[in-house]
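For reference, the structure discussed in these notes is given below.
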Amino acid sequence: KYPMSLPVRDYQVENNLLNWSILEKYKHPVTDIVFCDRYFFSKERLVEVNLIPLLKSIITNKDAHFNFTIFTSNDVFQRDISLLINWIQALLKKAYFNCTVTLVIDTANQFQEHDRGLITNYFHFSAGDSFNFFNERGGLKTKGTTIQINPLVRSDYRNNALAVLKNLKR
């Protein structure tokens with residue numbers, strides 16, 4: 001029933017990604033989110049434009065506490081790490097999310113994962129390009145072509161998500 005792939009740039013297709021609200025059909029309760037995007041923080045002004053609407057679209061229980069672990073690289077932002085964590089927490093708190101943020105920085109450029117992904121209790125959302133899909137005016141910014149949505153109830157998708165998590169732990 002779920003389209004496993006949403007086209008990003010093909011506006012002739014019914015289920016294309018015009019904004020993050022298209023993901024509301026995948027809304028579900030979460031206790032944990034793992035977010036991996038090496039370049040997500042490269043343009044701070046795009047973080048709020050993309051992160052908050054993305055999370056609002058997929059989380060049903062935003063008042064309930066969840067753990068939010070972010071994997072990124074250190075060569076894309078010019079902030080002290082503690083300032084970055086405080087800034088992210090302030091953004092999420094301003095949007096009424098109740099979460100604990102953990103930031104994992106790849107200082108040696110050793111992440112095994114190239115694709116960008118967001119893994120929750122029930123889904124693995126992945127994109128070849130950054131999750132900064134939209135600019136400040138709501139227009140499309142990404143060079144990516146699709147966002148993949150894989151339900152973890154299927155063992156092959158769950159095993160793939162587990163492999164991603166294992167690569168991130170290295």
Identify the heavy atoms of [X] and [Y] that sit nearest to each other, and give their distance.
| X | Y | result |
| --- | --- | --- |
| F123 | I149 | CD2-CG2, 3.7 Å |
| H28 | Y122 | CD2-CD1, 3.5 Å |
| D37 | N132 | OD2-N, 4.5 Å |
| L152 | A161 | CD2-CB, 3.7 Å |
| I52 | L91 | CD1-O, 3.8 Å |

Is the NZ atom of K93 crowded by more than 12 outside heavy atoms at less than 6.0 Å?
no
I want to know whether [X] and [Y] have ring centres closer than 6.0 Å.
| X | Y | value |
| --- | --- | --- |
| F125 | F131 | no |
| F97 | F68 | no |
| H124 | Y157 | no |

Side-chain ion pair, K94 and E48, N-O less than 4.0 Å:
yes
Looking at [Y], is its backbone amide N or carbonyl O close enough to the side chain of [X] to form a donor-acceptor pair, meaning the two atoms are under 3.5 Å apart?
| X | Y | value |
| --- | --- | --- |
| N159 | S155 | yes |
| K27 | N61 | no |
| N98 | A64 | no |
| T120 | V30 | no |

Between F40 and N50, is the side-chain contact (heavy atoms from CB on, under 4.5 Å) condition met? List the steps.
CA-CA 9 Å; F40 191 73; N50 287 281; 4.3 Å; yes
Roughly how far, to the nearest 0.5 Å, is [atom2] of [Y] from [atom1] of [X]?
| X | Y | atom1 | atom2 | result |
| --- | --- | --- | --- | --- |
| I58 | L23 | CD1 | CG | 7.5 Å |
| R116 | S126 | CZ | OG | 11.0 Å |
| I88 | F41 | CD1 | CZ | 3.5 Å |
| C99 | L55 | SG | CG | 8.0 Å |
| L51 | I70 | CG | CD1 | 6.5 Å |
| N67 | D32 | CG | CG | 4.5 Å |

Check: I119 and I33 side chains under 4.5 Å, non-hydrogen atoms
no
Student check: side-chain heavy atoms of E44 and W87 closer than 4.5 Å:
yes
Let me see the working for I147 and W20 under side-chain contact (heavy atoms from CB on, under 4.5 Å), right down to the final yes or no.
CA-CA 11 Å; I147 184 166; W20 289 116; 4.0 Å; yes
Hey, mind stepping through L103 and T72 against side-chain contact (heavy atoms from CB on, under 4.5 Å) and telling me if it holds?
CA-CA 8 Å; L103 188 61; T72 192; 4.0 Å; yes
Derivation of the side-chain contact (heavy atoms from CB on, under 4.5 Å) call for I59 and F66:
CA-CA 10 Å; I59 298 174; F66 63 94; 3.9 Å; yes
